[in-house]
Amino acid sequence: MNTEETIILITELADTGNFNNILEAVVNILDEDSLERILLKKKQPRVRSQLYYEVTVEDYSLDEFKSHFRMSRSLFESLLRVVANKAMELSEPIANIPMDKKMLFTIWLLAKLESFLSVGDRFDIAKSSGHRIFQFVVHILAGLASTSNGQQIHNSCTLPQFLRRSQGAYQEL
């Protein structure tokens, strides 16, 4: 039976409501590989950058780091210490991802205005996980900004001062 005959048969069988015969007719027109793909349809894993955070970011020069994250590496490390201390007090989402990776992911989103999908691909983080990470880090930063008026973050700079100073980089966006 050729494909055209099978389609005609399927149409006729659909009118009678004989679904077992419809399934048999569909199986007849599909080759073995197509049938296996349909029956054993598996979600293909997304292709993401491997080791970007672990290797590439670590190899950034100081100027490259600053151009991507809009802050020096030393300022990032100072801010990371404060955020990581606060994160230990909270229920941290996706605990198997290091806090510095979460911070870099969040800062990249803020600095580059890219989508969760594209930044997630770069940092090997699923879009849904990225969204939870972003909310978590921003929640900590917002809380610190409102409560840490005297806490020094970096070079005699408190978090509210840091945020005001860095805000200039975002005002143009």
Side-chain angles (χ1 to χ4, degrees), residues 33-34 36-173:
D33 290 336
S34 299
E36 187 174 334
R37 276 195 315 275
I38 291 169
L39 295 176
L40 303 174
K41 187 176 181 182
K42 296 178 184 176
K43 185 176 179 180
Q44 298 297 320
R46 287 194 52 81
V47 176
R48 297 191 186 115
S49 297
Q50 299 295 311
L51 303 176
Y52 177 79
Y53 151 78
E54 293 82 354
V55 175
T56 307
V57 173
E58 289 296 319
D59 288 342
Y60 277 163
S61 69
L62 296 178
D63 288 338
E64 285 175 315
F65 187 92
K66 190 169 187 171
S67 73
H68 286 294
F69 298 102
R70 299 197 182 175
M71 67 179 70
S72 68
R73 194 180 294 269
S74 62
L75 177 56
F76 169 77
E77 290 167 359
S78 298
L79 186 59
L80 175 63
R81 280 192 295 278
V82 174
V83 171
N85 286 338
K86 186 65 177 171
M88 288 190 296
E89 301 170 12
L90 304 171
S91 175
E92 190 173 341
I94 306 116
N96 63 329
I97 297 176
M99 192 64 210
D100 56 339
K101 186 174 187 177
K102 291 175 184 178
M103 285 281 298
L104 289 170
F105 172 84
T106 300
I107 293 168
W108 190 283
L109 277 166
L110 294 169
K112 299 288 191 175
L113 297 177
E114 292 180 20
S115 69
F116 282 93
L117 182 62
S118 66
V119 180
D121 285 349
R122 179 179 301 277
F123 284 86
D124 193 20
I125 295 174
K127 184 171 63 170
S128 59
S129 298
H131 189 257
R132 291 196 324 255
I133 289 168
F134 180 82
Q135 286 180 315
F136 179 71
V137 172
V138 168
H139 173 76
I140 291 173
L141 290 171
L144 289 171
S146 66
T147 62
S148 67
N149 289 328
Q151 183 177 1
Q152 290 188 357
I153 304 297
H154 181 72
N155 294 340
S156 303
C157 179
T158 64
L159 185 58
Q161 290 167 336
F162 161 73
L163 292 173
R164 280 193 299 275
R165 288 178 189 170
S166 63
Q167 186 178 14
Y170 305 110
Q171 286 176 348
E172 298 173 15
L173 299 177

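Keep in mind that this is a model prediction, so the values were computed, not measured.
Atom OG1 of T56 sits about 9.0 Å away from atom CZ of R122, to the nearest 0.5 Å. The line from CZ of R81 to CE of M103 is 11.0 Å long, rounded to the nearest 0.5 Å. Expressed to the nearest 0.5 Å, how far CD of E92 lies from CD1 of I133 amounts to 8.5 Å. One finds the CD1 atom of I125 at 12.5 Å from the CG atom of L117 (value rounded to the nearest 0.5 Å). Note that OG of S118 and CG of L109 are 7.5 Å apart. Values are rounded to the nearest 0.5 Å. Rounding to the nearest 0.5 Å gives a distance of 10.0 Å between CG of D121 and CD of E114.
Taking the six-membered ring for Trp and thresholds of 30 and 60 degrees, F105 and F116 have ring planes inclined between 30 and 60 degrees apart. Ring geometry for H68 versus Y60: interplanar angle under 30°, hence parallel rather than tilted (30 to 60°).
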(message) M99 vs F136, test: side-chain contact (heavy atoms from CB on, under 4.5 Å). Steps then yes/no.
(response) CA-CA 11 Å; M99 192 64 210; F136 179 71; 4.3 Å; yes

(message) Checking L104 against F65 for the side-chain contact (heavy atoms from CB on, under 4.5 Å) test, could you report, in this order, the C-alpha distance in whole Å, the side-chain angles of both residues, the deciding distance, and whether it holds?
(response) CA-CA 10 Å; L104 289 170; F65 187 92; 3.8 Å; yes

(request) Decide side-chain contact (heavy atoms from CB on, under 4.5 Å) for L110 and F134; before the verdict, give the C-alpha distance in whole Å, the side-chain angles of both, and the deciding distance to 0.1 Å. (result) CA-CA 10 Å; L110 294 169; F134 180 82; 3.9 Å; yes

(message) Pair E54, D124 - check side-chain contact (heavy atoms from CB on, under 4.5 Å), show working.
(response) CA-CA 10 Å; E54 293 82 354; D124 193 20; over 6 Å; no

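Side chain of R70 to backbone of A111: a donor-acceptor contact under 3.5 angstrom is found. Not one N or O on the side chain of K127 forms a donor-acceptor pair closer than 3.5 Å with the backbone of S115.
Between L79 and L141, the closest side-chain pair of non-hydrogen atoms falls below 4.5 Å. The closest side-chain heavy-atom distance from N96 to I94 is below 4.5 Å.
More than 12 heavy atoms of other residues, nucleotides or ligands sit less than 6.0 Å from atom NZ of K101. Within 6.0 Å of NZ in K112 there are more than 12 heavy atoms belonging to other residues, nucleotides or ligands.
Here the closest non-hydrogen pair linking E64 and D59 is OE1-O, 4.2 Å. Scanning both residues, D100 and Y53, for their nearest heavy atoms gives OD1-OH, 2.6 Å.
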